[in-house]
Amino acid sequence: MQADNQQHTSNLHSFTINAQTHIQNGIFNVLQINLGRTYPAILKLQDTVKELNPDIILIQEPYVNDNEIKGIPSNWTIYNSQNLKAAIIIPNQTHKAVQILSKPNSAAIKIQLDNYPLTIASAYSSPYSDIQSTLQEIRELKASIKDEPIFIGADLNGHHAFWGYRDNDTRGNNLLDFVLANDLFILNKPDAPPTYQRNQSMGWPDISLSCNTLALKSPSWEVLDTPSASDHSYILISFQAQNTSQHYRRYKTLHGNHRKFLRSFEQNAQFLEHQIQEATSPEQLDSVALALQQTIIQACNHSYKTKKINYNPGPNWWTTQLETEKKKLRALRRGE
């Protein structure tokens, strides 16, 4: 009996975990924009995504109708704040994320980069609201992830010379105090073009913040002259990164083969039942649970066809040098 158990255990441990991992090296691009609550701006965003191919999009004030953000393509994944004024969009299938925050004024997700988790947040604070409530949401998020890397794109409507304004206001001073107290870095450049323009009015309300880990990667931060159909401009943040995404196999179960699955599963069912009855510690229960999971996976692999996973990797020919040349070309266009 002991020899049989050892043979069963050996077979179970030889099963593969039901996951496939893709690793993509290159430049990680984040696009940030306040859409000004207009439908044309969200339609223009679709064209801009085709041109720039960002990995993540951080938006504020999207167009909302019937308590829903409108104009987002069905193949994009969106994670929004409770008030729908801040959201995070993943426009492709290569990045898998988990939403870890949805507060009144902010939303946050977590993805895997360079063998470490990266938290990405989007937030909005109206110039007529108390900025402290939004800062408190981000503060709690930062505390919950401890020392894990974080990137934040937000429109917080604070004035300060550190990110372009000629004068400081109370909101800007509170924001700067928050940045310093939470060991964050301001990626905005004080001499950058305004991120907001309407008639004769201009400003720099949109801010990009990162932790030390990302700041050490020397990320580029640029206000684009690409038309946005909003009174805000696009901001593109880029840094070197390795994206690791994990996809779990999905099975086509609507086409039968259930009896074949049961026959395959029954080969180990008696052994697993015995192991459950004999388990006397949490460690033994964990081991049996893993064996049960692997048995089900093996039976599925033996019985069902798998669904196709749409994996859309970025171009492997894009380099840092090409990124630099692209920025030079944009600078020349602005000078025309």
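When a residue number appears, it is its place in the shown sequence, counting from 1. These values consider heavy atoms only, across backbone and side chains, with no hydrogens, waters or symmetry-generated copies.
- Annotation: Phe265 is not in aromatic contact with His302 [ring centroid separation under 6.0 Å not met].
- When hydrophobic clusters are built by joining Ile, Leu, Val, Met, Phe, Trp and Tyr residues whose side-chain heavy atoms come closer than 4.5 Å, directly or via intermediates, Ile152 is not grouped with Ile33.
- How far CD1 of Ile57 is from CD1 of Ile89: 5.0 Å, rounded to the nearest 0.5 Å.
- In this structure a side-chain-to-backbone donor-acceptor pair under 3.5 Å is present from Ser129 to Ser126.
- The ring of Tyr196 has its center closer than 6.0 angstrom to the ring center of His232.
- Side chain to side chain, Thr48 and Tyr234 meet the donor-acceptor criterion of an N or O pair below 3.5 Å.
- Residues Pro149 and Tyr116 are in side-chain contact: their nearest non-hydrogen atoms beyond the backbone lie under 4.5 Å apart.
- Donor-acceptor pairing under 3.5 Å is recorded for the side chains of Glu140 and Gln136.
- Counting only distance, with no hydrogens or angles, the side chain of Gln82 and the backbone of Ser102 share a donor-acceptor pair below 3.5 Å.
- There is a side-chain donor-acceptor pair under 3.5 Å between Asp155 and Asn34.
- A donor-acceptor distance shorter than 3.5 angstrom exists from the side chain of Asp169 to the backbone of Gly172, with no hydrogens or angles considered.
- In this structure, Trp221 and Ile235 have side chains that are in contact, with non-hydrogen atoms separated by less than 4.5 Å.
- For the residue pair Ser201 / Asn199, no side-chain donor-acceptor distance below 3.5 Å is found, with atom types taken as modelled.
- Residues Asn29 and Ile237 have side chains not in contact (no heavy-atom distance under 4.5 Å, counting atoms from C-beta outward).
- For the atom pair Ile276 CD1 and Leu292 CG, the distance stands at 6.5 Å (nearest 0.5 Å).
- Side-chain atoms of Glu273 do not come within 3.5 Å of backbone N or O of Asn268 as any donor-acceptor pair.
- One distance of note links CD of Gln267 with CG of Leu262; it measures 11.5 Å at 0.5 Å rounding.
- Annotation: Lys70, atom NZ; neighbour count of heavy atoms from other residues, nucleotides and ligands within 6.0 Å is above 12.
- Side-chain atoms of His95 and Phe28, non-hydrogen and from C-beta on, do get closer than 4.5 Å to each other.
- At least one donor-acceptor pair under 3.5 Å links the side chain of Gln284 to the backbone N or O of Thr280.
- Under the 3.5 Å distance criterion, the side-chain polar atoms of Asn188 are matched with a main-chain donor or acceptor of Asp206.
- Two rings, from His258 and Tyr304, have their centers less than 6.0 Å apart.
- Taken from CG in Leu141 to NZ in Lys110, the straight-line distance is 8.5 Å, to the nearest 0.5 Å.
- With a 4.5 Å cut-off on side-chain heavy atoms, Ile109 and Val98 do not count as touching.
- Although no hydrogens or angles enter the test, the distance criterion places no donor-acceptor pair under 3.5 Å between the side chain of Asn182 and the main chain of Leu184.
- At most 12 non-hydrogen atoms from other residues, nucleotides or ligands lie less than 6.0 angstrom from CG of Asp147.
- The distance from the NE2 atom of His159 to the CG atom of Asn168 is 10.0 Å, given to the nearest 0.5 Å.
- The shortest distance between side-chain heavy atoms of Leu118 and Leu214 falls below 4.5 Å.
- A side-chain N or O of Ser122 and one of Gln60 form a donor-acceptor pair less than 3.5 Å apart.
- Contact check for Ile90 versus Ile78: no side-chain heavy atoms found under the 4.5 Å cut-off.
- Under the 4.5 Å side-chain criterion, counting only non-hydrogen atoms from C-beta, Gln132 is not in contact with Phe178.
- The backbone N or O of Leu101 sits less than 3.5 Å from a side-chain atom of Gln99, completing a donor-acceptor pair.
- Judged by distance alone, with hydrogens and angles left aside, the side-chain atoms of Ser303 form no donor-acceptor pair with the main-chain N or O of Cys300 at under 3.5 Å.
- Hydrophobic clustering (side-chain heavy atoms under 4.5 Å, transitive across Ile, Leu, Val, Met, Phe, Trp, Tyr) groups Val49 together with Leu224.
- Judged purely by distance below 3.5 Å, without hydrogens or angles, the side chains of Ser125 and Arg171 pair a donor atom with an acceptor atom.
- By the 6.0 Å contact criterion, CZ on Arg139 is enclosed, its count of non-hydrogen atoms from other residues, nucleotides or ligands being greater than 12.
- By the rule that hydrophobic residues join a cluster once side-chain heavy atoms approach within less than 4.5 Å of another member, Val288 and Phe271 end up as members of separate clusters.
- The closest donor-acceptor contact from the side chain of Trp204 to the backbone of Phe162 lies at 3.5 Å or more, if one exists at all.
- Between the side chains of Gln298 and Ser264, no donor N or O sits under 3.5 Å from an acceptor N or O.
- Counting heavy-atom neighbours within 6.0 Å of Asp191 CG, excluding the residue itself, gives a total above 12.
- Glu61 and Arg37 are joined by a salt bridge, as a carboxylate oxygen and a charged side-chain nitrogen come within less than 4.0 angstrom of each other.
- In terms of hydrophobic clustering, with Ile, Leu, Val, Met, Phe, Trp and Tyr side chains grouped at heavy-atom distances under 4.5 Å, Ile100 and Ile150 are assigned to a common cluster.
- With no hydrogens or angles considered, no side-chain donor-acceptor pair links Asn105 and Ser81 at under 3.5 Å.
- Interatomic distance, CG of Asn53 versus CD1 of Ile27, reported as 11.5 Å (0.5 Å rounding).
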